[in-house]
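These notes are about the structure you will find just below.
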Amino acid sequence: MMGRRGVLFVFEGCDRAGKTTQCRMLVDALCKRGIPAEYMNFPDRSTAIGKIINDYLLKKVELPDKAVHLLFSANRWELEPVIKNKLASGVSLIVDRYSYSGVAFSAAKKGMDLKWCWNPEIGLPEPDAVLLLNLTEEVSAKRGDFGLERYEATDFQRKVKSNFMDLKDSLWKIIDADKPVENLHVEILDIFNSVYESSAGKPITVLKA
Ligand code: FDM
């Protein structure tokens, strides 16, 4: 008998919300329990497209907003076959940013709207769950200064946060990321377990218009 598919479990949020830490903790916890799971992150800076994105984020190159938006999306599309194969082979993917970051960040720029930004995402594998790690500005400030990459500025992050709120649907889970790391981990593990149970036997769907 074929085993069950993996789940596509996506973390979203503004910078410094603790997504990467929580993703890594979740992957470790699942692997220890015998649930095959792997970490994935977008942008994946290791691919050919990812290298251009990396140069853009480090401000080594300038690109028109629409062009760079499509590159971020293409970065997901170049990994779409990998995502589908891993899920089909039973590996759950714990993903650090996905299409929603793509839209929330690009649409925070002048002249870019949510609908235009969403279009190239249509047809990508749809997550079984999206967790939005929501951090207050006070706690964010305590976590230190922003780095020097593009987008790392308070005003811009405010717009991004408001875009995330516009994108969220009833399936999203908004998580209070001000909590201590360990408490957050326990809460997230619980959510994963229920998503894992409820997704058994369900096909992988795709993002729609
Ligand atoms: N980002 C990330 C985008 O602008 N579009 C995207 O599609 C994705 C996935 O890239 F500022 C932004 C979000 C962030 C920057 O992300 C780099 P990491 O997670 O800090 O590497």
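In this chain, residues are counted from 1 in sequence order. FYI, side chains are in, hydrogens and waters are out, and symmetry mates aren't considered; it's all heavy atoms of this structure. Indexing begins at 1, ligand by ligand and atom by atom, following the structure's order.
The residue from Glu149, Glu12, Arg97 that puts a heavy atom closest to atom 14 (C) of ligand 1 is Arg97.
For Arg45, the heavy-atom gap to ligand 1 drops under 4.0 angstrom. Using a 4.0 angstrom heavy-atom cutoff, Ser106 does not count as in contact with ligand 1.
Side-chain N or O atoms of Glu152 include one that pairs as donor or acceptor with a backbone N or O of Gly147 at under 3.5 Å.
Residues Ser199 and Arg4 approach most closely at OG-NH2, 2.9 Å, considering heavy atoms.
Every atom of ligand 1 with a heavy atom of Leu57 under 4.0 Å away is listed here by number and element: 10 (O), 15 (C), 17 (C). Close contacts between ligand 1 and Phe42 involve ligand atoms 9 (C) [criterion: under 4.0 Å to a heavy atom]. Every atom of ligand 1 is numbered from 1 in the order shown, and the set under 4.0 Å from a heavy atom of Arg76 is 6 (C), 7 (O), 9 (C).
Residue Lys84 places its NZ atom among 12 or fewer non-hydrogen atoms of other residues, nucleotides or ligands, all under 6.0 Å distant.
Salt-bridge annotation for Glu12 and Lys168: absent, with no side-chain N of the basic residue lying under 4.0 Å from a carboxylate O of the acidic one.
Distance from atom 6 (C) of ligand 1 to its nearest protein heavy atom, with residue and atom name: Phe72 CD2, 3.1 Å.
Residues Asn41 and Thr20 bring no donor and acceptor atom of their side chains to less than 3.5 Å of each other.
In the hydrophobic clustering of this structure, Phe9 groups with Leu133; members are Ile, Leu, Val, Met, Phe, Trp, Tyr whose side-chain heavy atoms approach within less than 4.5 Å, directly or through other members.
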